Amino acid sequence: MDRELLRLQGISKTFGAVTAIEHVDLSVRRGEVVALLGDNGAGKSTLVKIISGGLQPTSGRYLFDGADRHLNSPQDAKQLGIETVYQDLSICMNVDVVANFFMGREIVRRVLGIPILQEAEMRQVTESVLRQAGTRIPSVKMNAEHLSGGQRQAIELNRFVHWGGKLVVLDEPFAALGVEQVRRSLDTIRDVRSKGIAVIIVTHNMSHAFEIADRMVVMRQGSVVGDVNTVDTSPEEIVRIITGTKPKASSHN
Ligand SMILES: Nc1ncnc2c1ncn2[C@@H]1O[C@H](COP(=O)(O)OP(=O)(O)OP(=O)(O)O)[C@@H](O)[C@H]1O
Ligand SMILES: [Mg+2]
């Protein structure tokens, strides 16, 4: 199978007179974690929104799973297996874990023509998926509002894996999390990667990026200015690429 999952070629986005991103090329392989780095206003969120269908590019080519795509909405992206994960936003607080897990995919059987929700079966599936993923939740009948941010994120990611997702996009997912929750979220991302799913993660935290990413893509003023394998670089070099400063001159020149 082709390892390449996503390929962007010459993607640009303008808002009136403002060019948010310009001629961006980006490729992401299955089972790869790519950290998207750059200073405030570099164009990361704009690029992420284009990838997840929330914004349409002004020009450029978007290939996913080997075919040209034109996404008109996040729903189009979802259908391709692209999910954008924010900390709390796509979990419904006032319904339980099972309802969140099956959101829009409820199991219904018709009995004498009357649709009946298969609650026991849905509960069983949810429990078994979360158990296998090592996510501990007191009860799947609990409303999501009583769970921690980390538990909600785990439900979101596991739901995505279970329904056949191929690419997860995370924009600053750890901003509101505590140390232990960040550690668990990083474990969840490793778990997702081991299933062959690709991950794009936007972060300002260099140590998180170095801990989780296979590759780092750096943006500056709307362009990609660096694309390096994590094992071949250092935090110092990444900071230099982000800020556009030159390395200190060595004694040889
Ligand atoms: N809807 C919009 N209308 C006009 N300009 C926009 C819009 N969205 C983004 N921009 C501009 O595009 C540029 C890139 O913004 P973007 O949000 O992608 O940056 P970012 O890299 O995510 O920054 P941060 O790290 O602060 O989140 C900025 O100059 C921003 O002002
Ligand atoms: Mg942003």
Side-chain angles (χ1 to χ4, degrees), residues 6-28 32-62 64 69-78 82-91 149 152-153 156-157 167-177 181-182 185-186 189 198-228 230 233 235-245:
L6 173 73
R7 172 175 288 275
L8 303 181
Q9 289 178 336
I11 293 279
S12 299
K13 177 72 186 176
T14 55
F15 296 99
V18 179
T19 300
I21 59 172
E22 196 166 20
H23 241 85
V24 165
D25 294 334
L26 176 72
S27 151
V28 181
E32 182 181 41
V33 178
V34 174
L36 191 55
L37 305 162
D39 251 335
N40 297 121
K44 305 178 298 294
S45 292
T46 303
L47 185 61
V48 153
K49 284 178 199 154
I50 287 172
I51 293 169
S52 58
L55 283 175
Q56 284 67 52
T58 310
S59 57
R61 222 173 141 194
Y62 183 126
F64 190 81
R69 311 288 178 175
H70 299 277
L71 310 185
N72 291 311
S73 67
Q75 205 49 44
D76 285 354
K78 246 181 208 153
I82 301 169
E83 191 85 18
T84 307
V85 177
Y86 304 98
Q87 175 60 28
D88 290 336
L89 293 181
S90 47
I91 291 283
R152 287 181 206 135
Q153 202 181 53
E156 207 166 348
L157 282 172
L167 170 67
V168 191
V169 183
L170 306 119
D171 194 349
E172 295 282 358
F174 308 142
L177 297 189
Q181 287 179 339
V182 169
S185 301
L186 290 171
I189 292 174
V199 178
I200 298 174
I201 175 167
V202 175
T203 179
H204 283 279
N205 187 310
M206 204 62 77
S207 69
H208 293 160
F210 270 83
E211 204 174 318
I212 197 73
D214 300 302
R215 194 151 57 84
M216 304 200 179
V217 171
V218 181
M219 295 186 73
R220 189 167 68 237
Q221 292 176 4
S223 299
V224 170
V225 291
D227 189 337
V228 284
T230 306
T233 188
E236 295 73 29
E237 184 185 33
I238 293 297
V239 168
R240 277 202 301 271
I241 303 174
I242 289 173
T243 56
T245 51

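Counting starts at 1 for both ligands and their atoms, in listed order. All values derive from a computational prediction rather than experimental measurement.
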K.L.:
Could you tell me whether R215 and D227 make a salt bridge, using a distance below 4.0 angstrom between a side-chain N and a carboxylate O?
P.N.:
yes

K.L.:
Ignoring hydrogens, just give me the one of K44, M219, Q221 whose non-hydrogen atom is nearest atom 20 (P) of ligand 1.
P.N.:
K44

K.L.:
Taking D214's backbone N and O only, do any of them form a donor-acceptor pair with T230's side chain (distance below 3.5 Å, no angle check)?
P.N.:
yes

K.L.:
Quick one: does V18 get an N or O within less than 3.5 Å of an N or O on ligand 1?
P.N.:
no

K.L.:
Would you compute the distance between atom CD of Q56 and atom NE2 of H70 and round it to the nearest 0.5 angstrom?
P.N.:
11.5 Å

K.L.:
I need the atoms of ligand 1 closer than 4.0 Å to a non-hydrogen atom of T46, numbered in the order shown.
P.N.:
9 (C), 14 (C), 15 (O), 16 (P), 18 (O)

K.L.:
Hey, which protein N/O/S atoms does the Mg ion (ligand 2) have under 2.8 Å?
P.N.:
S45 OG

K.L.:
Residue-level breakdown please: for L47 versus ligand 1, do any non-hydrogen atoms fall below 4.0 Å on the side chain, on the backbone, on both, or on neither?
P.N.:
neither

K.L.:
Yes or no: does H204 have any heavy atom under 4.0 Å from an atom of ligand 1?
P.N.:
yes

K.L.:
What are the two closest heavy atoms between A209 and A35, and how far apart are they?
P.N.:
CB-CB, 4.1 Å

K.L.:
Check if T19 has a non-hydrogen atom at a distance under 4.0 Å from any atom of ligand 1.
P.N.:
no

K.L.:
Starting from atom 9 (C) of ligand 1, find the nearest protein heavy-atom neighbour and note its residue, name and distance.
P.N.:
F15 CE1, 3.7 Å

K.L.:
Considering G38, S45, A20 one by one, which has a heavy atom nearer to atom 12 (O) of ligand 1 than any of the others?
P.N.:
A20

K.L.:
May I ask you to check if ligand 1 and A42 share an N or O to N or O distance below 3.5 Å?
P.N.:
yes

